Amino acid sequence: MSASQSNVRAAWTMLVAVAAFSLMDAGLKQLSAHYPSFQVASLRGAASLPFVLVWVLATGGLASLRIRRWSLHLLRGAIGVGMMASFVYALRSLPLSTAYSIFFVAPLVITALSVPLLGEKVGPRRWTAIAIGLLGVLVLLRPSGEGLVSLAALAVLAAALGYALSAITVRVLARTDSVQSIMFWLLVMIAVGSGLLAWPDWVPIRAADAWLIAGVGAAGALGQYAITEAFRIGEASAIAPLEYTALVWGVLLDLSVWGVLPDAVTWIGAAIIVASGLYLLRRERVHAEAEHP
């Protein structure tokens, strides 16, 4: 298969991943209206585990689950618990499209954190893109108006920071541990860690929600498999921009399920953040090509 064919296949796979994650988030939003945030985070992790375990057995077998860096796995698990619970908390009151718009700052944060944590070099143009993206976040939050400066909006920012830190730990873990191990143990830690924190306020699960929990698990597992496969077969710089199609799904789901649409300020803030992210991806591709001609 040629590089161009691989990128086309990877692009379609990434679109499937984004759609699956968006459907999962819609399910999480529905569950957040009835259960505490940590409980929903625990259910998300536990519901995906059976599907991921089947994938593990079909690809690398149980031997692929061996952990070589326990401390880093535990750190990523703790970050994952906080990230998932924060995002679920935000979904309780924010539309999906608004939450996604704020969360899109995560790639910018990853680039910024790669300097102190990984020793990578970021040039002035990429720092400018990061600064402009943060300006877009301020537009979304509207701190001087009636807007979104709320615990929910701050929770999305906390989730984005957690995602960025988790992504950086993956870069380090991938040097010694398998993809199967990284995926499986994160879900275990989210399920167990969030479950322990949710236990004092645990709400009995309604029978009517069983299908929704199963759907969240299946969509989450499909999304995780698809995004892993997309980055395996395609060029990251070519397919990463497709993650922004989540905003389209967010708008469609908000309109069809909850009957809401983003306002003009949300569109402006989202456009600034997305444009900054796309420019950053372009600069990273140029930088990579310059280092590896």
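Sequence positions, counted from 1, serve as the residue numbers for this chain. Quick caveat: nothing in here was measured; it's all calculated off a predicted structure.
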| note | Closest heavy-atom pair, Thr13 versus Ala226, reported as atoms and distance to 0.1 Å, is CG2-O, 3.1 Å
| task | Would you sort out whether Val81 and Phe38 count as a side chain to side chain contact (heavy atoms under 4.5 Å, CB included), showing the intermediate values? | result | CA-CA 8 Å; Val81 168; Phe38 281 114; 3.9 Å; yes
| message | Taking the side chain as everything from C-beta on, heavy atoms only, tell me whether Met14 gets closer than 4.5 Å to Ile227. | response | yes
| Can Phe103 be reached from Ile190 by stepping across I, L, V, M, F, W or Y side chains whose heavy atoms are under 4.5 Å apart? | no
| request: For the residue pair Ser276 and Ile130, establish whether any side-chain heavy-atom pair is separated by less than 4.5 Å. | output: no
| field | Leu74 CG to Ile79 CD1 distance, which is reported to the nearest 0.5 Å | value | 11.0 Å
| task | Check Ala191 against Gly45 and note the closest heavy-atom contact, atom names and distance. | result | CB-C, 3.9 Å
| Min side-chain heavy-atom separation Leu140-Ile272 under 4.5 Å | no
| Is there a donor-acceptor pair under 3.5 Å between the side chain of Asp177 and the backbone N or O of Arg68? | yes
| Looking only at heavy atoms, which two atoms of Ala112 and Pro116 are closest? And how far apart? | O-CD, 3.2 Å
| said: Counting only heavy atoms from other residues, nucleotides and ligands, does the tally under 6.0 Å from OH of Tyr244 exceed 12? | reply: yes
| Quick one: does Gln30's side chain get under 4.5 Å of Val257's, heavy atoms only? | yes
| query | With a 4.5 Å limit on heavy-atom distance, are the side chains of Arg125 and Tyr279 in contact? | reply | yes
| Verify same cluster id: Ile67, Leu62 (apolar side-chain graph, 4.5 Å) | yes
| Under a 4.5 Å side-chain heavy-atom rule over Ile, Leu, Val, Met, Phe, Trp and Tyr, are Trp70 and Leu72 clustered together? | no
| Side-chain donor-acceptor pair present, Asp263, Thr266, cut-off under 3.5 Å | yes
| field | Heavy atoms from other residues, nucleotides or ligands near CH2 of Trp202 exceed 12 (cutoff 6.0 Å) | value | yes
| said: Does any part of the side chain of Leu261, heavy atoms only, come nearer than 4.5 Å to the side chain of Asp254, both counted from C-beta? | reply: no
| task | Taking the side chain as every heavy atom from C-beta outward, state whether Leu28 and Asp25 have any atom pair closer than 4.5 Å. | result | yes
| About how many Å separate OG of Ser166 and CD1 of Ile182, when rounded to the nearest 0.5 Å? | 9.5 Å
| said: When you group the ILVMFWY residues by side-chain heavy-atom contacts below 4.5 Å and let the links chain together, are Leu49 and Met24 in the same group? | reply: no
| Hey, what's the ring geometry for Phe87 with Tyr100, parallel, tilted or perpendicular (30° and 60° as the breaks)? | parallel
| message | Within the supplied structure, the quantity of interest is the number of heavy atoms (other residues, nucleotides, ligands) at a distance under 6.0 Å from Tyr225 OH; does it exceed 12? | response | no
| request: Verify, without hydrogens or angle tests, whether Ser42 (side chain) and Gln39 (backbone) share a donor-acceptor contact under 3.5 angstrom. | output: no
| Of all heavy-atom pairs between Leu247 and Ser101, which one has the smallest distance, and what is that distance? | CD1-OG, 3.5 Å
| Nearest-0.5 Å distance, CZ of residue Arg171 to CD1 of residue Ile110 | 6.5 Å
| Side-chain donor or acceptor of Arg92 paired with backbone N/O of Ala152 under 3.5 Å | no
| CG/Leu53 to OG/Ser48 distance, rounded to the nearest 0.5 angstrom? | 12.0 Å
| message | Please report the interatomic distance NE2(His73) to CZ(Phe184), rounded to the nearest 0.5 Å. | response | 11.5 Å
| query | Any side-chain heavy-atom pair from Thr111 and Leu280 closer than 4.5 angstrom? | reply | yes
| request: Looking only at non-hydrogen atoms, find the nearest pair between Leu108 and Gly133 and report the distance. | output: CD1-CA, 3.4 Å
| What's the spacing between Leu186 CG and Met84 CE if we round to 0.5 Å? | 8.0 Å
| task | Specify the closest pair of heavy atoms between Leu196 and Pro200, including all atoms of both residues, with the distance to one decimal. | result | O-CD, 3.7 Å
| query | Is there a chain of hydrophobic side chains (I, L, V, M, F, W, Y, each step under 4.5 Å between heavy atoms) that links Leu253 to Val88? | reply | yes
| request: Show your reasoning for whether side chain to side chain contact (heavy atoms under 4.5 Å, CB included) applies to Val109 and Leu165. | output: CA-CA 9 Å; Val109 178; Leu165 291 170; over 6 Å; no
| task | Take Gln180 and Trp55, measure what side chain to side chain contact (heavy atoms under 4.5 Å, CB included) needs, and give me the verdict at the end. | result | CA-CA 8 Å; Gln180 291 89 340; Trp55 171 73; 3.7 Å; yes
| said: Set out, in order, the CA-CA distance, both residues' side-chain angles and the distance that settles side chain to side chain contact (heavy atoms under 4.5 Å, CB included) for Trp249 and Leu96, then state yes or no. | reply: CA-CA 9 Å; Trp249 282 102; Leu96 275 177; over 6 Å; no
| query | Thr245 side chain to Leu242 main-chain N or O, any donor-acceptor pair under 3.5 Å? | reply | yes
